[in-house]
2 protein chains.
Amino acid sequence: MLSTGKGSISLYMQIRDMLVSKVGKGEWLPGSIIPSEVNLAQELGVSQGTVRKAITELVESNVLTRRQGRGTFVSMHNIDRALFHFFHISDNKGHKVLPDSNVLQCRRKPATRIESSKLHLEAGTSVIRIERMRRISDKPTMVETITLPADLFADLVEGGGYELPNTLYELYEQRYGITIHSADEQLRAIAASKHDAKILNLEAGTPLLEIERVALTLDRTPVELRVSRCSTRNHHYHNTIF
Amino acid sequence: MLSTGKGSISLYMQIRDMLVSKVGKGEWLPGSIIPSEVNLAQELGVSQGTVRKAITELVESNVLTRRQGRGTFVSMHNIDRALFHFFHISDNKGHKVLPDSNVLQCRRKPATRIESSKLHLEAGTSVIRIERMRRISDKPTMVETITLPADLFADLVEGGGYELPNTLYELYEQRYGITIHSADEQLRAIAASKHDAKILNLEAGTPLLEIERVALTLDRTPVELRVSRCSTRNHHYHNTIF
DNA sequence: GTCAAGTAGTCTTATATAAGACCTGAAAAT
DNA sequence: ATTTTCAGGTCTTATATAAGACTACTTGAC
């Protein structure tokens, strides 16, 4: 079961990877409690400290969440995580406010070359494309285009009786069992197109901050491409380097 | 010496903070080796594991660097760290190249209101202001304005016989004993001024990515304000969210 | 209802063993 | 005589185990 031979990775790493796969394949669902450190240790025939070290790494990478006296849980997407972890726009006083959003379009289309390349899809695969406008404190601030592989989010485009919520990652998790775990972002300055300008109520050509994000699951499969074009008149993108 | 009373922070935290202060006040210099875990444990009257936990946190926050079989060292600014940790511009294939730089100006001036606010200085304090142009693969790409408190970097403006190197953080560390440890960045899209346009060889009004960085020491004292305006025609700012 | 004891979980510290890096000196090769 | 190679010793960090302390919730007595 557990390899201990020469050249193998260490015990705690094997345990860590096993825990990851339990979460990854949905055996343990987001929000649910996992067995206690002592239980896992007994079951796997190792000491508590070893299990603990494995869990510690997963807590650091946000896969699990510990609560002293309660237990260890599979991390969930709640509004706080969306806000503090994945949303990087602040106002010029440094305060974060989650914008509300207005869906402008939601269509099923063949993927463009860029979309299929970023999402690792075959050329021409069906994707769902959502366009929305986001307001921060009632001012139109961002235009967002979100692309999803249609096979993973099959019934989304028909909008099966529910409205698109403000924080999509919660929806992906609860309704499609897909947990966004990390993301890669590329930022550029671009000129507002006429289309952007109209939606954001400013002049074409105004410089906008374009954020192109590829969101990944635990096993680093890309599942969402999101291009946001933001007016940075009253806001900015914030990043802390440790 | 070490507090163990009720309500106190834990042992390993006290040790961690003590180690930080040794680095912070220059008792242990960047690049030098620190006493071994066993030595420290003996000296402090705790076990190796406790010292180890303290050190682990500092390794994770990049204050210390471990090398198995060698020892633990105070982290240094080398070109790799500058490149991978503090420099976030990549070309559109995702490759990072450190730009070279051309100093355009280096003057001692009174701080503007923005500068004194961002650097926590009294209004009107003397600062050193450096303007430089940076090329990536021979193409002018960024205009940078760097502001430093004059008292900390006294002889820099006269350029005491040395050229400004490409990677300034190495200079701050080696010549002024100031180690940059973290940074806060704000990103915006702006229109190129005539001055920027001339230097970067493009048209005024072109959208540029403006990065405003405040660099901090270990104890979070701000010591550098750096405003970079980048053409994002061939490059972008890259950020990974874990 | 309130409070106290019990229980099940994580947190902290301590100790032992393993594995990696480097140095030194003797033996072997040139 | 000089250089190279190799083995052992010693110092380092890395990993694993164990035990007591702390915390949050539950249950039962009053």
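Within every chain, numbering begins at 1; the chains are lettered A, B, ... in the order of the sequence lines, protein sequences first and strands thereafter. In this text, all values refer to a predicted model and were calculated from it rather than measured experimentally.
- Other residues, nucleotides and ligands place no more than 12 heavy atoms under 6.0 Å from the CD1 atom of I114(A).
- The heavy-atom pair separating L64(A) from I55(A) by the smallest distance is CD1-CG2, 4.1 Å.
- Residues K25(A) and D219(A) are not paired through a salt bridge, judged by the lack of any N-O separation under 4.0 Å between the basic side chain and the carboxylate.
- For the pair L148(A) and V223(A), the minimum side-chain heavy-atom distance is 4.5 Å or more.
- For R52(B) and S47(B), the side-chain atoms include no donor-acceptor pair closer than 3.5 Å.
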Given protein heavy atoms under 4.0 Å, the one-letter contact record of nucleotides 10-19 of chain D, with B base, S sugar-phosphate only and - none, is simply --BBBBSB-B
